[in-house]
Structures are given as structure tokens and as C-alpha cells.
Chemist: 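The structure follows.
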Amino acid sequence: MSLALYNTLTRSREPFVPLDQGRVRMYVCGPTVYGHSHLGHAKSYVSFDVIVRYLRFLGYQVLYVQNITDVGHLSDDADEGEDKIENLSRTRQVHPMQIAEQYTHSYFEDMDALNVIRPDISPRASGHVIEQIEMIRKLINLGFAYEANCSVYFDVQRFAGYGKLSGRRPEELEAGARVDVNPDKRHPGDFALWKRAEKGHIMRWPSPWGEGFPGWHIECSAMAMKYLGESIDIHGGGLENQFPHHECEIAQSEAATGRPFVRYWLHNNMVTVDGRKMGKSLGNFLTLKDAFVRWAPQVVRFFILQSHYRSTLDFSEAALEGAAKGLERLNAARRAVRDRLREAPDQGSPGAVDLEKHRLAFLAAMNDDVNTPQAVAVLFELSREINAAFSSGTPLPAALLREIDALFESLAGTVLGLTLEQAPSGRAGDQPLESRLMDLLIALRGTLRAQKLWPLADMIRNGLSEAGVTLEDGKQGTTWKRTS
RNA sequence: GGCGACGUACCCAAGUGGUAAGGGAGAGGUCUGCAAAACCUUUAUGCGGCGGUUCGAAUCCGCCCGUCGCCUCCA
């Protein structure tokens with residue numbers, strides 16, 4: 001049993017075998033930093049985060065590169081549009097790099113909150129203009145690109161493999177009604193590698209073809225190859241970037257090196273709202289900062305993991321609420337394990353819960369093209385079995401409880417990035433002042449309850465509830481937790 | 001118009017030939033002063049429709065209906 005991934009290039013599920021044994025070179029298209037990240041970004045980067053985490057869990061040494069696009073991404077057609085970031089900088093009267101920096105910070109802030117492990121390298125496009133120029137020059141020398149009117153275009157007709165990822169041929173593009181006529185291009189499908197900077201354009205660099213800036217597609221090829229080599233194992237990105245972005249990446253990279261650029265192309269699907277894509281252009285997006293006001297980042301992460309990365313995920317308040325409750329169920333299970341651990345006997349029947357069965361089921365799900373919803377289902381099944389064992393009355397031995405706890409930590413924590421039961425909660429014996437005050441209130445209420453002074457007892461419970469603390473009366477005494 | 005997906009219960013969502021995972025909601029129950037939480041049980045003879053292949057189909061094939069994505073920027 002080993003990891004299989006769905007490769008867009010071959011449109012099939014393939015066993016994952018990296019180029020070098022034990023090492024994985026992985027590149028994922030990062031954000032264009034001209035706005036706060038939204039739920040769609042979260043789905044993409046959480047999905048790839050889990051893939052990276054799982055590869056590392058399997059023992060691979062992963063080098064994970066994810067770019068930050070801070071120049072060259074045009075707001076419209078690749079010939080007419082303006083640079084998105086420069087656009088915004090004009091409106092706000094600040095330097096484009098200030099815009100890029102602001103939203104780069106914002107991006108990492110959100111990803112940190114989602115417990116997304118940072119990439120090993122986060123190269124900025126503007127910091128790699130030299131590499132991009134070098135690559136463009138090479139493409140011209142090899143006859144795959146041509147200069148026209150101080151801009152440089154890739155000649156799609158010269159590259160035989162153009163279309164192998166998306167299934168689209170240059171001939172078909174020509175038939176499309178929406179390809180703009182650009183007299184500089186030899187073929188309507190040719191794409192810009194370097195753009196001439198018009199008067200007033202702030203982001204500009206000197207080049208052999210005059211002052212200008214790099215096209216959008218070239219950055220990923222140049223940076224991926226700089227840090228990962230000419231052939232990489234995994235390239236990830238959003239489904240909507242399959243064409244033209246990734247198709248162009250393949251063309252320019254393979255034309256330049258003559259070698260296969262990417263072995264496994266992975267594409268994640270998008271978040272929808274009422275069945276429609278969540279996107280900036282549609283204006284139906286929810287930024288993560290807004291989402292986090294309502295739902296904890298962990299809940300958002302969990303919500304994402306409950307669907308497959310290649311499936312669309314439909315957003316709704318009800319769906320998020322459902323995820324929040326489900327996550328709490330897993331939390332409760334682990335909390336119960338830890339609570340019992342305090343008074344667990346050293347001896348007992350260790351065979352009460354078959355951990356190995358669940359561990360293997362979890363791995364089987366993950367090996368099957370990173371089926372996180374299935375893996376999450378295994379966690380629920382594990383939880384149910386543990387709870388059943390608890391309610392049967394027979395105390396589980398400490399060694400088994402520690403094993404269960406470790407299994408949660410490993411599968412839910414290390415692999416899925418879910419930090420179960422981090423919210424402060426407690427029973428007698430905890431250290432901080434908050435806990436000691438809670439102990440006092442609980443003891444006071446306990447006395448009132450013993451005297452059947454219900455109104456006074458409820459006054460404490462209701463007051464704490466308003467302060468964001470929930471009391472729960474259980475068999476083994478009263479516990480409290482924050483309700484956020 | 002071209003290319004490509006998808007349609008599974010009230011909602012979200014797994015499942016690519018062997019007789020429908022999981023979560024939420026709903027219902028019943030245990031516990032409780034009440035409550036909350038937790039736990040247990042339960043909830044699709046059915047997988048958009050109609051045909052076909054097969055011993056057997058949500059899964060494969062064909063047609064139809066519906067929704068969406070890409071072809072212009074988007075994770």
C-alpha cells in the first residue's frame with residue numbers, strides 16, 4: 001500500500017514515485033498579493049499543506065516552494081490589462097511594493113492561523129527578474145520566442161507539446177471568439193514573456209528588449225527551476241490555472257530545457273457559493289479575516305478537509321456550523337482521553353480498542369489520492385469506539401490511553417494539521433489564576449447546589465455563560481470550557 | 001461554439017463492478033434539580049432520468065435533463 005496521486009497530465013491515478021528516492025521537489029502556485037485572502041485560497045493552500053505534511057509523514061524529505069506574485073499579473077487580457085498591484089497602488093497613492101508587502105503579510109497571517117506550514121522558500125517574482133530575463137533570452141536563442149515591438153512572446157506553434165495538460169490545441173484557440181487580435185503576435189495563442197513598460201508604468205526593469213516587466217507565466221518556471229531544478233516532482237495549483245497558466249509553464253520550461261518539467265500535476269477544485277465559484281471577479285467571496293470573526297480558523301480548516309481537494313466545496317453558514325460541531329465532537333473525544341488518563345489504572349485489558357485497524361484505515365484513505373474526508377471519517381469512527389469503551393464502564397489502562405492520545409496527535413495533528421483540544425478547559429489542579437478562580441466558582445456553586453439553592457447556582461452558571469465560559473455538570477464533577 | 005467536470009438523504013460530503021462512509025440537522029433514549037454538553041440508537045431497497053453491458057452498477061457504455069468550470073483575471 002503506497003501513495004497514489006491523481007495526475008492531471010495523464011488524467012489518471014498513479015503511484016507516486018519521486019525522481020530521487022526519498023526526496024520530493026514540490027512547487028505550488030502562490031497568491032497574487034493585491035487583496036486579502038479568501039476561503040478559496042484557504043482551500044487550496046490547506047489542501048497542499050496536507051499533501052506536504054503527509055509526504056513528510058511518509059518519510060520523504062520535501063522541499064516545498066511557493067511563489068508570491070508581486071508583479072506581472074495583469075487584471076485583464078494579457079495584452080491590454082494593467083498590472084493588478086500597480087493598479088491598486090495608483091488608487092491608494094502608495095508604491096506597488098507597499099501593496100505587495102501589505103498583502104503578503106496578510107496572506108501569511110491567515111495561513112499561520114489555519115496552521116498551514118510555511119513553504120521552505122517563498123520567492124517573490126520581482127526578486128527574480130534576472131532569472132526570468134535569462135530564461136527568456138534562452139527561449140529566443142532556441143527559436144521558441146520572438147521579440148516584437150519591445151515585448152517578447154512565446155511562439156506556441158513551435159512547441160509541439162502545447163496543449164498536453166489542458167487538452168487544448170492552438171488551432172482551437174484560434175477558433176475561439178474571444179482571443180484578441182494583437183498585431184505583434186504571430187499566433188493569437190502566443191503569450192507574453194516580457195512586456196514593454198509604457199510611460200508612467202512604475203514596476204519596470206531594464207532588459208535586452210528595453211524597459212519592461214515580466215509576463216505572468218514566466219515567473220513560476222524561472223523560480224521553480226532555480227530552486228528545484230529542471231524537472232520537479234509535484235506542481236500544484238488551482239484548477240482554473242490549468243489553462244493558460246500551467247500550459248504556458250510547461251511550454252516555456254520544456255522548450256528551454258528539453259526535459260520534462262513536472263512529473264505530477266495536481267489541481268485542487270474551488271469553493272462555491274450556491275454552486276457558483278467563489279471569486280474576486282464575482283464579488284461573492286468571504287475573506288478569511290471576516291470568516292475568522294465568525295468561525296475559528298481550525299473550524300475553517302476542518303471544513304475544508306471534510307471534502308476532497310479535487311471536489312468543489314459548497315460554502316454556507318449551515319455547512320460551517322456543521323463543521324464546527326463535528327470538530328467539537330473530535331475535541332470532546334480527545335478531551336475525554338486526556339481526562340481519563342489522570343486516573344487511569346496501570347493494568348487493564350489493552351485490547352479494548354483496536355488502534356491498528358484505525359491507523360491502517362486512515363493511511364489507506366490518505367494513500368488514495370489524499371482522501372481527507374475518508375481520513376476524517378476514520379477519526380470519527382475511532383472516537384466513537386473510544387467513547388463506547390468509556391461508557392462500557394471498564395477503565396482503560398494508562399498505556400492504551402497514551403497510545404490513543406499519541407494516535408490522535410499523529411493522525412489529526414501531524415498529518416491533518418488539526419490541533420485538537422487546545423482551548424483552555426479544566427478541572428481542579430490546573431495552574432493559572434483563571435483556573436483557580438474557576439475552581440473557586442465551581443466549588444461555590446457546588447455548595448449552593450448541594451443546598452438546592454438553584455437560583456443562586458444558576459446565577460453563577462448564567463453569568464459565566466455570558467462571560468464566554470460554559471459549565472458542564474458531569475458524573476465526575478463540573479468542568480468548564482471557553483465557548484469563544 | 002470548443003474543451004472539461006459534476007448531479008448521492010433536509011444540508012455538507014466519501015464511495016470507479018459486489019450490494020450506500022462520515023459529519024450536521026431531525027427523532028427516540030441514557031445522564032441531569034433544570035440546562036448544556038456528552039454518549040447510545042435511529043434516519044437513502046436508494047445514488048438526476050431512460051435504456052444497455054454484467055450473475056451483480058451509484059460505479060462501465062449510450063442518449064436525455066440539469067448545474068458548474070476553463071477558453072479573459074482569479075486558489
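Small disclaimer: the values here were computed from a predicted structure and weren't measured. Quick note on labels: first sequence line is chain A, next is B, and so on, each numbered from 1.
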Chemist: Heavy atoms only, 4.0 Å cut-off, all strands: where does Y45(A) land among base, sugar-phosphate and nothing?
Modeler: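 Sugar-phosphate, no base atom in range.
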Chemist: Classify the nucleic acid contact of T272(A) as base, sugar-phosphate or nothing, counting any heavy atom under 4.0 Å across all strands shown.
Modeler: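 Since no nucleic acid heavy atom lies under 4.0 Å of T272(A), the category is nothing.
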Chemist: Report, one line per pair, each donor and acceptor closer than 3.5 Å where one atom sits in a side chain of residues 442-449 of chain A; sequence neighbours left out.
Modeler:
residue : atom : partner : partner atom : Å
R445(A) : NE   : A457(A) : O            : 3.4
R445(A) : NH1  : D473(A) : OD1          : 3.1
R445(A) : NH2  : D473(A) : OD2          : 2.9
T447(A) : OG1  : A443(A) : O            : 3.0

Chemist: Please determine, for A58(B), whether a Watson-Crick or G-U wobble partner exists with both distances under 3.5 Å, and give it or none.
Modeler: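 When the pairing criteria are applied, nothing turns out to pair with A58(B), so the answer is none.
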Chemist: What does S47(A) touch in the nucleic acid at a heavy-atom separation under 4.0 angstrom: a base, only the sugar-phosphate, or nothing?
Modeler: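 The residue S47(A) makes no contact with any strand.
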Chemist: Looking at every strand, decide which applies to H38(A) at a 4.0 Å heavy-atom threshold: base, sugar-phosphate, or nothing.
Modeler: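 Answer is base: heavy atoms of H38(A) come under 4.0 Å of a base.
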Chemist: Under 4.0 angstrom, heavy atoms only, what part of the nucleic acid is Q242(A) near: base, sugar-phosphate, or nothing?
Modeler: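 No contact.
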Chemist: Relative to each other, are the rings of F380(A) and F302(A) parallel, tilted or perpendicular (30° and 60° limits)?
Modeler: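 Ring orientation of F380(A) relative to F302(A): perpendicular.
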Chemist: What contact category does G40(A) fall into here, base, sugar-phosphate, or nothing, at under 4.0 angstrom with non-hydrogen atoms?
Modeler: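 Contact class for G40(A): base.
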Chemist: Without hydrogens or angle criteria, can the side chains of E385(A) and H358(A) be said to hold a donor-acceptor pair below 3.5 Å?
Modeler: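 Present: a donor and an acceptor within the cut-off.
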Chemist: Mapping P244(A) and R329(A) onto RNA chain B by nearest heavy atom, which one lands closer to the 5' end?
Modeler: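 Checking each residue's closest nucleotide, the 5'-ward one belongs to R329(A).
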Chemist: Given C68(B), G22(B), A14(B), identify the nucleotide with an atom nearest to the side chain of S307(A).
Modeler: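 Per side-chain heavy atoms of S307(A), the pick is A14(B).
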Chemist: Name the nucleic acid region contacted by S316(A), choosing base, sugar-phosphate or nothing; use a 4.0 angstrom heavy-atom cut-off, strictly under.
Modeler: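 No contact.
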Chemist: Taking atom C1' in both G46(B) and U8(B), compute the distance separating them and give it to the nearest angstrom.
Modeler: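 The answer is 9 Å between these two C1' atoms.
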Chemist: OP1 or OP2 of C71(B) sitting under 4.0 Å from any side-chain N/O of S166(A)?
Modeler: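 Checking S166(A) against C71(B): no side-chain N or O falls below 4.0 Å of OP1 or OP2.
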Chemist: Going by number, which of residues 450-463 of chain A have a non-hydrogen atom under 4.0 Å from RNA chain B?
Modeler: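 The stretch gives W454(A), D458(A), R461(A) as the residues lying under 4.0 Å from the strand, ordered by number.
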Chemist: For RNA chain B, determine which residues of residues 106-121 of chain A have any heavy atom closer than 4.0 angstrom to one of its atoms, and list them numerically.
Modeler: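 None, since no heavy atom is under 4.0 Å.
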Chemist: With RNA chain B as reference, determine whether R310(A) or R445(A) sits nearer its 5' end, using the nearest nucleotide of each.
Modeler: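 Between the two, 5'-proximity favours R310(A).
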Chemist: Please find the pair of heavy atoms, one from K289(A) and one from S106(A), that lie closest to each other, and give the distance.
Modeler: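 K289(A) and S106(A) have their closest heavy atoms at CE-OG, 3.1 Å.
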Chemist: Where the side chain of R168(A) is defined as all heavy atoms beyond and including C-beta, which of G2(B), G23(B), U16(B) is the nearest nucleotide?
Modeler: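 Of the options given, the side chain of R168(A) lies nearest G2(B).
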Chemist: M278(A) side chain: which of G22(B), A75(B), A14(B) is closest?
Modeler: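 Among the listed nucleotides, the one closest to the side chain of M278(A) is A75(B).
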Chemist: Closest to the E381(A) side chain: A75(B), G22(B), A38(B)?
Modeler: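 Closest of the options to the side chain of E381(A): G22(B).
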Chemist: Compare every heavy atom of S307(A) with every heavy atom of T372(A), then report the nearest pair and how far apart it is.
Modeler: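 Residues T372(A) and S307(A), closest heavy atoms: OG1-O, 3.4 Å.
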Chemist: For the side chain of K277(A), starting at C-beta, report the closest nucleotide among G22(B), G69(B), A37(B).
Modeler: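 Among G22(B), G69(B), A37(B), the one nearest the side chain of K277(A) is G69(B).
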Chemist: Taking any heavy-atom pair under 4.0 Å as a contact, classify V271(A): base, sugar-phosphate, or nothing.
Modeler: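 Result for V271(A) = base.
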Chemist: Looking just at side-chain N and O atoms, do H245(A) and E249(A) make a donor-acceptor pair shorter than 3.5 Å?
Modeler: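 A pair is found: one side chain offers a donor N or O, the other an acceptor, under 3.5 Å apart.
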Chemist: Using a heavy-atom cut-off of 4.0 Å across all strands, would you classify L313(A) as base, sugar-phosphate, or nothing?
Modeler: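 Sugar-phosphate contact only - L313(A) comes under 4.0 Å of backbone atoms but never of a base.
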Chemist: Looking at H267(A) versus H246(A), is the centre-to-centre ring distance below 6.0 Å?
Modeler: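 Yes, the ring of H267(A) comes within the 6.0 Å limit of the ring of H246(A), centre to centre.
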Chemist: As a test of reading the structure: which of A21(B), A36(B), C70(B) is closest to the side chain of F243(A), going by heavy atoms?
Modeler: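 Among the listed nucleotides, the one closest to the side chain of F243(A) is C70(B).
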Chemist: Suppose you measure atom C1' in G48(B) against the same atom in C6(B); what distance do you get, rounded to whole Å?
Modeler: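 It comes out at 11 Å once rounded to the nearest Å.
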Chemist: Between the base of C40(B) and the side chain of R384(A), is there a donor and acceptor pair under 3.5 angstrom?
Modeler: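 For R384(A), whose side chain was compared with the base of C40(B), there is no donor-acceptor pair (under 3.5 Å).
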Chemist: Does F48(A) have K43(A) sitting over its ring (NZ/CZ under 6.0 Å from centre, angle to axis within 45°)?
Modeler: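 The answer is no; the distance or angle limit is not met.
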Chemist: C34(B) base to D473(A) side chain: any donor-acceptor pair below 3.5 Å?
Modeler: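 Check passes, donor-acceptor contact within cut-off.
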Chemist: Which nucleotide sits closest to the side chain of N387(A): A75(B), G33(B), C39(B)?
Modeler: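 Selected nucleotide: C39(B).
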Chemist: Can you see if the side chain of N269(A) gets near the phosphate of A75(B) - specifically, an N or O under 4.0 Å from OP1 or OP2?
Modeler: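 Checking A75(B) against N269(A), no side-chain N or O comes under 4.0 Å of OP1 or OP2.
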Chemist: Please determine, for the side chain of K325(A), which listed nucleotide (A37(B), G24(B), A75(B)) has the closest atom?
Modeler: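 Ranking A37(B), G24(B), A75(B) by closest atom to the K325(A) side chain puts G24(B) first.
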